[in-house]
Number of protein chains: 2
Amino acid sequence: MARRSDHSRDELKEMILKASWDIVEKDGFIGLTARRIAKDIGYAPGTIYNIFKSMDDLCVEINGMTLDKLHDVLSKSDCYSPKKSPVQNMKRMAQLYREFAREYRAHWLMLFTHALPEGQKAPAWYQEKIARLFESLEGLLEPFYTARQLPKRKMAARALWAAVHGICLLEETGKIPAIDDQESPPDMTGYLIENFIAGIKKKT
Amino acid sequence: MARRSDHSRDELKEMILKASWDIVEKDGFIGLTARRIAKDIGYAPGTIYNIFKSMDDLCVEINGMTLDKLHDVLSKSDCYSPKKSPVQNMKRMAQLYREFAREYRAHWLMLFTHALPEGQKAPAWYQEKIARLFESLEGLLEPFYTARQLPKRKMAARALWAAVHGICLLEETGKIPAIDDQESPPDMTGYLIENFIAGIKKKT
DNA sequence: ATAGTAATTGAACAGTGTTCAATATTTATA
DNA sequence: TATAAATATTGAACACTGTTCAATTACTAT
């Protein structure tokens, strides 16, 4: 039996999260089981339930880590350059999103594969992490809207983000049919962004 | 024991598919288990494995039915009207897609929740069902591209389809943060389509 | 040294997909 | 018609899953 004072509650939580992250990385969401985590950290399965309410609870936490990592990548990068046009910056952001999806494929997929039981909602802090991501795109859309048009700008950010995401998702899960000429997804997101923004500019 | 000649192989397959469809409708993808299906059709769990290779195999078949139903809805509807503009038709198509996602929520979600085991690919007939859906949108994009630009048109169709899908998905799974002013997703897809097409028109 | 508290355990429960020897039923043959 | 061969159906068994909780162990305060 692991000694009670081997690790504090916080340490234990850290260990479980770290182990879970690594398991998802290696074997995907499907490989993440309570017994496997327990084995990896050298504790019994029951211990996990002392720290987390349920496996769903743990999954939400892991997803939170993934959202943090994604936010890190997007905020510490070169997609807010004032020397480049907003469209260039947006394209770059889409590219970074795509690269993230590839590099952290299993974690990224888990973000959308894992669903809370019917009727249960993600906690507020989780929602906020998502909102924070959208805001980065809202910023880049600023030049195209007046201050009075903030809701519209927010909508545009959501639409564009979801669109880029949809392209990445369908492509990454093989649910988009290939074109003979094989246009790659970066081109698709780029094409979408270019024309969407061109359309917005045209109106004003 | 069910008598061997109670139902033919084909009848049995039909029964299993029908029962599965209904289970997904009632209890979602999560409720679809071999034992549950067996109980519903009055056979033993093993029987399902005489007809289908695995539960994954069965799931792909169910997804095929969903794709068929979606194709039916889109093809037998009013989104190809020559009296309306292509943009209007496209917006209508997006709206129909969204309505389908709501009406057959569980089946539609299963389309993206269910993933084949790592490395396994969906059968060719399945890929073709997807390709067929994209073609309906390709048709609507025809006025904006010359014959030489077919690959580009195909890419535009894929990008737009995936984009609309992404918006529906993030919204339907609660993974898109609400805007204070609460713009609804039909507006989002409409806004996206409008501007994307406006952008394309501008270039030519 | 003892009593009380808290962490840890792992067996148990009700599920899951899947397999496969045994059984029941039908068909073909003698 | 009686028997043999072939096929459909079964359900127990296996190795899993998330989750619970009484029992055990370890630590703390008295």
Side-chain angles (χ1 to χ4, degrees), chain A residues 1-17 19-21 23-24 26-63 106 110 113-120, chain B residues 1-17 19-21 23-24 26-63 106 110 113-120:
Chain A
M1 188 190 247
R3 316 191 99 233
R4 176 170 154 193
S5 52
D6 272 355
H7 304 99
S8 72
R9 256 188 99 79
D10 285 352
E11 279 173 334
L12 223 35
K13 184 170 178 179
E14 261 330 293
M15 287 164 66
I16 292 170
L17 288 175
S20 301
W21 182 271
I23 290 167
V24 171
K26 251 193 246 167
D27 301 326
F29 179 33
I30 202 80
L32 189 67
T33 70
R35 285 171 181 83
R36 170 77 187 278
I37 299 166
K39 213 185 87 187
D40 285 9
I41 64 170
Y43 276 75
T47 298
I48 290 154
Y49 287 84
N50 293 339
I51 309 294
F52 295 95
K53 267 211 323 283
S54 65
M55 282 298 285
D56 273 331
D57 191 31
L58 171 58
C59 286
V60 171
E61 211 100 359
I62 301 284
N63 281 345
M110 180 172 161
T113 305
H114 175 257
L116 262 348
E118 187 66 28
Q120 206 173 320
Chain B
M1 188 192 247
R3 314 192 97 234
R4 173 171 156 192
S5 54
D6 273 355
H7 305 98
S8 70
R9 255 189 100 80
D10 285 353
E11 280 174 333
L12 223 36
K13 184 171 179 179
E14 262 330 292
M15 287 164 66
I16 292 171
L17 288 175
S20 301
W21 182 270
I23 291 168
V24 171
K26 250 193 247 165
D27 300 326
F29 179 33
I30 202 82
L32 188 67
T33 71
R35 285 171 182 81
R36 170 77 186 279
I37 299 166
K39 212 185 86 186
D40 284 9
I41 64 170
Y43 277 75
T47 297
I48 290 154
Y49 286 84
N50 294 339
I51 308 294
F52 295 95
K53 268 211 325 281
S54 65
M55 283 299 285
D56 272 331
D57 191 30
L58 171 57
C59 287
V60 171
E61 209 100 359
I62 301 283
N63 281 346
M110 181 174 159
T113 305
H114 175 256
L116 262 348
E118 186 66 27
Q120 208 173 319

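Every chain is numbered from 1 and lettered A, B, ... according to where its sequence line falls, protein lines coming before strand lines.
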inquiry  = For a quick test of reading the model, state the closest non-hydrogen atom pair linking B:A19 to B:I41 and the distance between them.
reply    = CB-CG2, 3.7 Å
task = Scan B:L58 against the nucleic acid and name what it touches under 4.0 Å (heavy atoms): base, sugar-phosphate only, or nothing.
result = nothing
task = Find the distance B:H114:NE2 to C:dT16:P and express it as a whole number of Å.
result = 16 Å
query = Over how many whole Å does the gap from A:D6 atom CG to D:dA26 atom P extend?
reply = 11 Å
request  = Can you sort out the partners of A:A106 under side chain to side chain contact (heavy atoms under 4.5 Å, CB included), two or more places apart, ordered by chain and number?
outcome  = A:V24
note = Rounded to whole Å, CD of B:E11 lies from P of D:dA8 at a distance of 14 Å
message = In whole Å, I'd like the distance from the CD1 atom of B:I23 to the C1' atom of C:dG17.
response = 15 Å
inquiry  = Please give me every residue in residues 27-39 of chain A whose heavy atoms get under 4.0 Å of an atom in DNA chain D, ordered by residue number.
reply    = A:L32, A:T33, A:A34, A:R35
query = How many angstroms lie between OG1 in A:T33 and CG in A:D40, if you round to the nearest 0.5 Å?
reply = 8.5 Å
key: Counterpart residues, side-chain hydrogen bond (donor to acceptor under 3.5 Å, both in side chains), relative to B:D27 (two or more places apart)   = B:R36
key: Value rounded to 0.5 Å, distance of OG1 in B:T113 from CD1 in B:I30   = 9.0 Å
Under 3.5 Å, sequence neighbours excluded: what are the donor-acceptor pairs made by side chains of residues 53-62 of chain B?
unit_1: B:S54; atom_1: OG; unit_2: B:D56; atom_2: N; d: 3.4
unit_1: B:S54; atom_1: OG; unit_2: B:D57; atom_2: N; d: 3.2
unit_1: B:D56; atom_1: OD1; unit_2: B:H114; atom_2: NE2; d: 2.7
unit_1: B:D57; atom_1: OD2; unit_2: B:K53; atom_2: N; d: 3.1
unit_1: B:E61; atom_1: OE2; unit_2: B:K13; atom_2: NZ; d: 3.1

key: Partner residues of B:E118 under the side chain to side chain contact (heavy atoms under 4.5 Å, CB included) criterion, sequence neighbours left out   = A:R105
inquiry  = Please give me every residue in residues 46-57 of chain B whose heavy atoms get under 4.0 Å of an atom in DNA chain C, ordered by residue number.
reply    = B:Y49, B:S54, B:M55
Shortest non-hydrogen contact from B:N50 toward B:R9 = O-NH2, 2.8 Å
remark   = Rounded to the nearest 0.5 Å, the NE2 atom of B:H7 sits from the OG1 atom of B:T47 at a distance of 11.5 Å
note = If each end axis of the helix from C:dA1-D:dT30 to C:dA30-D:dT1 is fitted on five C1' pair positions, the angle between them, to 10 degrees, is 30°
key: side-chain contact (heavy atoms from CB on, under 4.5 Å) assessment of B:Y43 paired with B:D6   = CA-CA 11 Å; B:Y43 277 75; B:D6 273 355; 3.7 Å; yes
task = Using the test side chain to side chain contact (heavy atoms under 4.5 Å, CB included), find all partners of A:A38 that sit at least two apart in sequence or belong to another chain.
result = A:P45, A:I48
